Structure formats: C-alpha cells, structure tokens
Novice: 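Just passing along the structure, written as structure tokens.
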Number of protein chains: 2
Amino acid sequence: MTKMHKENILSKNQQIIFNLINKSSEPLKAYTILFNVQKKGIKAPPQVYRALDKLVEIGKIHKIESKNAFVACKNSNCEISKATVFSICENCEIIDEVSDVKLSKYLSKFNDKNGMKFKRFNLEFFGLCKKCK
Amino acid sequence: MTKMHKENILSKNQQIIFNLINKSSEPLKAYTILFNVQKKGIKAPPQVYRALDKLVEIGKIHKIESKNAFVACKNSNCEISKATVFSICENCEIIDEVSDVKLSKYLSKFNDKNGMKFKRFNLEFFGLCKKCK
DNA sequence: CTCTAAAACGTTATATTATTACATACTGTT
DNA sequence: AACAGTATGTAATAATATAACGTTTTAGAG
C-alpha cells in the first residue's frame with residue numbers, strides 16, 4: 001500500500017491566491033497579489049500573507065528570497081518543496097525553477113562539518129539568461 | 001607577476017559598519033546596525049544601506065537573504081563572495097558560513113539546461129544545530 | 001598644484017514589505 | 001450540540017528599503 005497523501009484542499013483565499021500565482025508568467029510580490037485580488041474581496045495584507053504562508057508550507061508555491069516574490073511550484077505538486085533551486089537572470093529578472101535530480105540529491109545528502117543535519121535548503125543561481133547574454 | 005588586488009580601503013561609514021558586523025557573533029539587520037552606529041554619527045537608513053551595498057559588493061560581508069541580515073565573510077577576505085553557502089538553525093537561528101571547497105566547486109561549475117551561465121549563487125541550508133537537536 | 005570625475009556623505013521624505021492584535025466565522029470531529 | 005482547529009476580516013503599526021536632493025571628499029590626470 002502506498003503512502004497516503006492528504007488532499008490539501010485549499011481554502012477560499014488560498015485558492016484565489018494560488019490561481020493568480022499559478023497563471024502568472026513571473027514571480028509575484030505580496031502587494032502585487034493584493035492589488036490583483038481586491039476585486040475578489042481580499043482587502044488587507046494579512047489575508048494575503050496568511051495564504052502565502054500556508055501555500056509555501058504545503059509546497060504549492062515557493063518564495064524567491066532574494067526578490068521577496070512567489071512562484072507556483074512546477075515540480076509535480078512539489079514533493080521537493082524542501083529543496084528548491086532557482087535560476088535568476090540579473091538583467092530581465094526572469095526566474096525559473098531548476099529541476100535537476102542529481103543536484104537536488106547531492107544537496108539533500110550534504111552534511112556539514114558541524115554535525116548539523118539539514119532538512120531543507122534554498123539555492124538561487126544568478127546570471128544572464130539566453131536572451132540577455 | 002601575480003595579479004594585483006585593489007586595496008579596498010573602506011570609507012569611514014563602511015569601516016564603522018564593517019567593524020560592527022565583524023565583531024558581532026550573529027547576523028545583524030540594517031536597523032539594528034543603524035541603532036548601534038548612531039552615536040558615531042550615522043543617523044539615517046540610506047547611510048547604512050549604502051555602506052552595506054558596497055560591503056556586499058566587495059565581498060567583506062554577505063546578506064542572508066532569508067533573514068534580511070548581514071554577516072562578515074569568514075573566508076580569507078572572501079575570494080568567493082559570489083558563491084555563498086550558509087547553514088541556518090531553525091530553532092536558535094545561529095548561522096554559519098559553510099566552507100566546503102568541493103561543494104562550492106560543484107555549484108560553480110553547474111550549468112542548467114536552458115543554457116544559462118551562472119556567475120553567482122547563494123545557498124541556504126536549514127536544519128537544527130548540534131545544540132538544538 | 002589644480003582641475004575634474006567618481007565616490008561617499010548627509011538629510012528628508014516616502015515606498016515597500018510584513019506583522020500584531022483582536023474579533024468573528026467556518027469545518028470537521030466526538 | 002460542543003469543541004478544537006483552521007480560516008477570515010479589519011485596523012493599526014512595525015520593519016525593511018529606496019528616491020531624490022544637494023554637498024563634501026577622494027583619487028587621479030594634466
């Protein structure tokens with residue numbers, strides 16, 4: 001018998017905000033999201049941040065820390081939400097989630113010299129994308 | 001003849017702020033820095049942020065993106081300021097710069113499938129440190 | 001030395017990002 | 001129905017960061 005997964009049905013606000021992020025071609029910032037969902041009744045920052053926190057927690061979206069922006073996870077409902085790798089173009093700011101199993105495994109297995117056991121990591125690569133170089 | 005290095009003499013504000021960060025046992029946030037250097041005549045946020053930007057640029061300090069905090073570089077005046085790796089304890093928030101040549105080389109050589117050439121990366125590992133686990 | 005361009009500085013105001021605090025409502029058990 | 005846990009709505013405010021000025025200092029070039 002395979003491991004059961006909780007359905008992770010999204011609440012109303014979570015669904016609205018996830019839909020917006022998911023159909024966006026670029027990472028969205030919290031206040032950009034807020035402006036775009038006000039017509040749907042989400043009027044205040046805490047509503048947005050609470051939904052974002054939850055969506056990050058369950059792996060539906062990721063936060064690009066260096067940009068304070070959020071993207072939908074592209075990796076099959078994100079089994080690897082605890083192991084994120086992004087590529088960021090320093091010119092046009094286009095951001096992609098890097099899916100490299102070898103890299104992810106390598107990093108997931110990494111242990112430092114202080115005997116610290118890592119549960120999670122976030123890696124952000126910067127450079128110039130094809131178009132901008 | 002060996003390659004010449006610019007001295008990178010710090011300006012007054014840069015030196016004050018670097019000294020503070022360098023002697024701190026933990027990452028410092030911009031406004032914590034501001035409060036701590038007001039007696040030295042640095043009174044406004046832009047003065048702090050400008051110095052921080054410069055110090056990051058020349059590799060004397062690094063920004064921990066997930067914490068909006070700054071630490072002094074521990075790697076011999078930081079030849080590798082474009083390739084940073086940190087370990088962060090999720091409980092006590094202690095942060096260390098990870099110096100693993102193999103890891104750094106592996107990541108520096110990494111190229112993604114979109115033909116993007118990376119110039120820089122930042123990796124943040126999260127877990128529980130020895131004490132907290 | 002003097003001129004100049006770049007870097008650094010000082011200051012005010014404001015923009016952007018994120019949280020606290022508290023009251024209310026919904027959801028899924030027992 | 002009663003309860004616990006999650007989600008919601010709202011107002012206020014905290015924390016982080018930048019814009020836009022004008023001035024001063026620094027480091028080289030001539």
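Proteins get letters first, then strands, A, B, ... in listed order; numbering begins at 1 in each. It should be emphasised that the depicted structure is a prediction, and the values quoted were computed from it without experimental measurement.
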Novice: Applying side-chain contact (heavy atoms from CB on, under 4.5 Å) between B:Phe110 and each of A:Val85, A:Leu103, A:Leu123, report the one that passes.
Specialist: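 Testing each of A:Val85, A:Leu103, A:Leu123 against B:Phe110, the sole residue satisfying side-chain contact (heavy atoms from CB on, under 4.5 Å) is A:Leu103.
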
Novice: Can A:Thr84 and A:Asn122 be counted as having a side-chain donor-acceptor contact under 3.5 angstrom?
Specialist: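 A pair is found: one side chain offers a donor N or O, the other an acceptor, under 3.5 Å apart.
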
Novice: Report yes or no: do B:Phe126 and A:Leu107 belong to one cluster of Ile/Leu/Val/Met/Phe/Trp/Tyr joined by side chain heavy-atom distances under 4.5 Å?
Specialist: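 No.
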
Novice: Tell me: CD1 of B:Ile64 to P of D:dT16, nearest whole Å?
Specialist: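 Spelled out: CD1 on B:Ile64 to P on D:dT16 is 15 Å.
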
Novice: Phosphate oxygens OP1/OP2 of D:dT16: is one of them under 4.0 Å from a side-chain N or O of B:Lys29?
Specialist: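 Answer yes for this pair, as a side-chain N or O of B:Lys29 is under 4.0 Å from OP1 or OP2.
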
Novice: Could you state the CG-P distance from B:Leu34 to C:dT11, rounded to the nearest angstrom?
Specialist: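 In whole Å, C:dT11 P and B:Leu34 CG are 13 Å from each other.
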
Novice: Tell me the interatomic distance from B:Glu65, atom CD, to D:dA17, atom C1', rounded to whole angstroms.
Specialist: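 Rounding to the nearest Å, CD of B:Glu65 and C1' of D:dA17 are 13 Å apart.
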
Novice: Does B:Lys54 put a side-chain nitrogen or oxygen below 4.0 Å from OP1 or OP2 of C:dA8?
Specialist: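 True: B:Lys54 side-chain N/O within range (under 4.0 Å) of C:dA8 OP1/OP2.
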
Novice: Would you compute the distance between atom CD1 of B:Ile17 and atom CG of B:Leu55 and round it to the nearest 0.5 angstrom?
Specialist: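 Here the interatomic distance stands at 7.0 Å.
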
Novice: Can you give me the bend angle of the helix from C:dC1-D:dG30 to C:dT30-D:dA1? Use the axis through the first five pairs and the one through the last five, nearest 10 degrees.
Specialist: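 End-to-end axis angle for the helix from C:dC1-D:dG30 to C:dT30-D:dA1: 40°, rounded to 10°.
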
Novice: Between B:Glu124 and B:Lys67, is there a side-chain N and carboxylate O pair less than 4.0 Å apart?
Specialist: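 Judged by the 4.0 Å cut-off on N to carboxylate O distance, B:Glu124 and B:Lys67 do not form a salt bridge.
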
Novice: May I ask you to evaluate whether A:Lys63 reaches the phosphate of C:dA18, defined as a side-chain N or O under 4.0 Å from OP1 or OP2?
Specialist: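 The answer is yes; a side-chain N or O of A:Lys63 sits under 4.0 Å from OP1 or OP2.
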
Novice: Side chain of B:Ser11 only, heavy atoms from C-beta on: which candidate in C:dC9, C:dT11, D:dT18 is closest?
Specialist: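 Output: C:dC9.
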
Novice: Between C:dT20, C:dT11, D:dA7, which nucleotide gets closest to the side-chain atoms of A:Gln14?
Specialist: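 Nearest to the side chain of A:Gln14 among the choices is D:dA7.
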
Novice: Between A:Asn68 and C:dT16, is there a side-chain N or O to OP1/OP2 distance below 4.0 Å?
Specialist: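 False: A:Asn68 side-chain N/O out of range (4.0 Å or more) of C:dT16 OP1/OP2.
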
Novice: Nearest to the B:Tyr49 side chain among C:dC9, D:dT10, D:dT16, which nucleotide is it?
Specialist: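 Closest nucleotide among those given: D:dT16.
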
Novice: I want to verify a distance call: between D:dA17, C:dG10, D:dG9, whose nearest atom is closest to the B:Tyr31 side chain?
Specialist: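 Closest nucleotide to the B:Tyr31 side chain: D:dA17.
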
Novice: So which nucleotide from C:dC22, C:dT17, C:dC9 ends up closest to the side chain of A:Arg50?
Specialist: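 Shortest atom-to-atom distance from the side chain points to C:dC22.
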
Novice: Using only atom types and a distance under 3.5 Å, with no angle test, would you say the side chain of A:Asn22 pairs donor to acceptor with the backbone of A:Phe18?
Specialist: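 No.
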
Novice: Can you tell me the distance, in whole Å, between the CG atom of B:Leu28 and the P atom of D:dT16?
Specialist: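 Taking CG of B:Leu28 and P of D:dT16, I get 12 Å after rounding.
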
Novice: Just verifying a value: how many Å separate A:Lys117 NZ and A:Asn111 CG, rounded to the nearest 0.5 Å?
Specialist: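 One finds 5.0 Å between NZ of A:Lys117 and CG of A:Asn111.
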
Novice: Expressed in angstrom and rounded to an integer, what is the separation of A:Leu52 atom CG from C:dT19 atom P?
Specialist: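 So the two atoms are 10 Å apart, to the nearest Å.
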
Novice: Is there a side-chain contact between A:Lys43 and the phosphate of D:dT10, meaning an N or O under 4.0 Å from OP1 or OP2?
Specialist: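 Answer is yes, contact under 4.0 Å.
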
Novice: Check the distance between C:dC26's P and A:Ile9's CD1 and give it to me in whole angstrom.
Specialist: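 Taking atom P of C:dC26 as the reference, CD1 of A:Ile9 is at 18 Å.
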
Novice: Can you figure out which of C:dA18, C:dG10, C:dT12 approaches the side chain of B:Gln47 most closely?
Specialist: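 So the nucleotide nearest the side chain must be C:dG10.
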
Novice: Counting only side-chain nitrogens and oxygens, does A:Lys12 get under 4.0 Å of the OP1 or OP2 atom of D:dG9?
Specialist: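 Result: yes.
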
